[in-house]
Amino acid sequence: MLATETRRIFKDGAIIFVVMAAIFAGIIFTDRDAYLAPALEIFLLLYASFAGWSMFERERQENASEYMLSLPLSRGRLLLLKFLPRLLIVSLTLLAYLRLHQSWQLPSFLPPTDFSLLFSGFFLLSIAFSLSLKNFISAFFLTCLLSIGQILLIKFLDPGRETGQAILQANVTVLVFPLFFLVLFRNYDIRPVSHFNKKFFPGLLLLGGLIVGAIFFSAPADWKNLTLTSRGLIMKNSCQRSEITIGRTRHRFQGCLTALRETADGGAMYSLLQEPVGSEAACRNRSLVGIDLKTGAIKTLFQFAEGWAVAGGYGGEIGAIRNGTYSVLLQNSLLKKAMLLQVHDGKVRKIPIAGDFYDDKISYVFYLIGDSPQFVIFSEPRLYRLDSSGRVEELAASKSLNVWQDKALVFDSSGMSLYRVGQGLTLLRKWPGKYKKILRRISGYESRGAIYHTDRSYFWLDMERQKEIKLELKSTPYSYQQSGDIFNVVLAKGSSYTMLAIRSGRPSETMWEPGFQPQGIRISPYGVLVFREQRHKVYPFKN
Amino acid sequence: MITIDRLSVRFGRAKAVDRLNWQIGRGESILLAGANGAGKTTLLRAMAGVLKASDGSIRYDGKKADHRSRKRIAYIPASISLYDGMTVKEAARIHGHFFGQSAAGAISGIAFPPRQKIASMSKGEKTIFFLSLALAAGPDYLFVDDVVHFLDPHLREVFLTSILRLIEEKQLTVIMASQSAFEIEGIPERVMIMEKGKIILDESVDRLKQKFVKFYGESIPDHVPVVFSRQWQNTWEMYAYPYLPEVHRLGSVEHLTLTEILRAFIGGEYARH
């Protein structure tokens, strides 16, 4: 029986073998490999599908179904007798192809491992249709839909997923169909195939629906950005939606929530709510909102009119909070106007800046709030003061600066200067010479401490206490964050990190391996957050 | 011994066999009769294992029917289902592989060229070839589903002689489904008639012939169990079963052949529905 079946499979699939041989000859004797090799792969998939689907084709064609079922064989053994010769032939076919692929260095649209997975999936999946569909074209179409369709869906919902992984996932899940077929086949009998199909197709639809549902459910939410709050909460956003998990509750919001500034007690976060315009690349400011970081409640504080936007800066350090009042500078690129927005107890006050003002290079704003608001603005390479009458006064020139509350560490060609920012700049200390700032690279929360270097010697400056300590570092720090008296320094090498916690000059070192190459890193007084697609990990500082 | 207990076979909501109980002894030869759609083929298919019972059970010598019991069964379906693409030699080899070949040459005088394709045979040739394959395996049970009419008089005689010989020599149990007894008169010793999936008659052929009568009268008598009647001018032609002479006391009655009895029974079923 096995030999008869094997001969039959060869005979039935001969036409596909002939076509494949012709294509292979074309690959050898012409220079059209680029087109013919993928065609060969398509025919191989066609053959795998045919070998699976044709399991009971002979019985259909030769009126032998009743005879086959009357044989003294259990349904399981019958299926095995049909399956084994096919498995042997498709395995040999695949091995032969892989050998040729290796020997002739054939171009292909999939790497050999991925193609082998797809080929196996086609064979096994087509077995599920061997009874239900009398037409091979329909069976092949459904096989493509369930296998390649699933791969495309996975890739569509998770563009970052590697093709090999998507093929593996799709081909593992499609195994439920031949398994379901196997279960139904135990009760298969001579009743018209419509009786079998009455159970098969609803099950197929249900399983297909479950798979698609699982793909949708497990697909990454396509988060573009994550923010780590000072208490370790994680805000996630994409252009379309945002969420924050507080305790065990996930709070979801429409639109993209970008953190601006957190209150000192960590109870609320002032944020910017944006919405996509046309494509995902462009977003429009919609409103200024406050998020209660204990309840997840969101409150709209101010709706932006056309052209108005928050003056630039790193998320997490935009605006200032003093005496419970949040202040943020807005400017309008269309009208060339600016205004100060103040929020206190949920009430909003708008203070316009007289005259014309617009600066698209603003990277930090100090807020000097008094009877007449003033701003000290860093807009590389300028540090200038803006008052409510719209008057601008140049204060210093700098390529970079570090900020901690009302203090600014300014680097220029003559050296490094620490200023208190008030009505003007009050020089607290000056270091003449060649001093260079160490980039924090990642930001989000102001750091009390800063690292600078001169002649390859690294120093930690506590801007609050104006105290500096020499650091013994083997490489350039990746980032740092001082919270309280502990200075946390992050050193990066590939996807592994060395965390230095320095207290009174004594460092303690911890190695941290998140286990993946991050696409984004955030830092806050709580710790370091790394993320890639759906995955993220947090390293909490030992404060 | 075959024991069928509350066997039901459903096709969707329709019951082709409905809670059927039946016992068949070893060496019995039975005619399974009934109108179209009575459930004869369904019952034979369930007994041969090609159709799964929806409910109830079939036991062969006390053991529940499964794929192992199929080895003792020779089943010739009305479709004469064989691998048409095979040659005689291939089919014999495959059949022998699964069923064994303990009684080679069970049908004498019939031979087919080994290279002949089954597809090239006539229905009658295919039937006799199938029978020769089936009997060569030395089965204990032979289920034949309404195929005798495919055979020409010569093949029919070969077919029936072979079966009779095996009944006598090996106590082969034979169940032949047919709507007519004309071709197989003389073989069955017991008759079972099915109607809508149920047995409405199960009787030995001799007793059936004794108890089934035809009589004429001007009206249908109330006290006689008439199963079928038809009127010819002012006279009624009536068929009664079971006719007990000492109880029903009719004047002249005619005893009928098995073919006539079946025709009357089936005619009665159509008249009732």
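Here is how names work: the chains are called A, B, and so on, in the same order as the sequence lines, proteins then strands, and each is numbered from 1.
Interface check for chain A: of the options B:R45, B:K71, B:K52, the most heavy-atom pairs under 4.5 Å are formed by B:K52.
Judged by distance alone, the side chains of A:E66 and B:Y75 do bring a donor and an acceptor atom under 3.5 Å apart. B:S120 and B:Q116 share a donor-acceptor pair across their side chains, judged by distance under 3.5 Å alone.
Only the side chain of A:R75 comes within less than 4.5 Å of a heavy atom in chain B; its backbone stays farther off. Contact of B:I80 with chain A is made through the backbone alone, with heavy-atom distances under 4.5 Å.
For A:W53 and A:F129, the ring centers are positioned 6.0 Å apart or more. Taking the ring centroids of A:F115 and A:Y97, they lie under the 6.0 Å cut-off.
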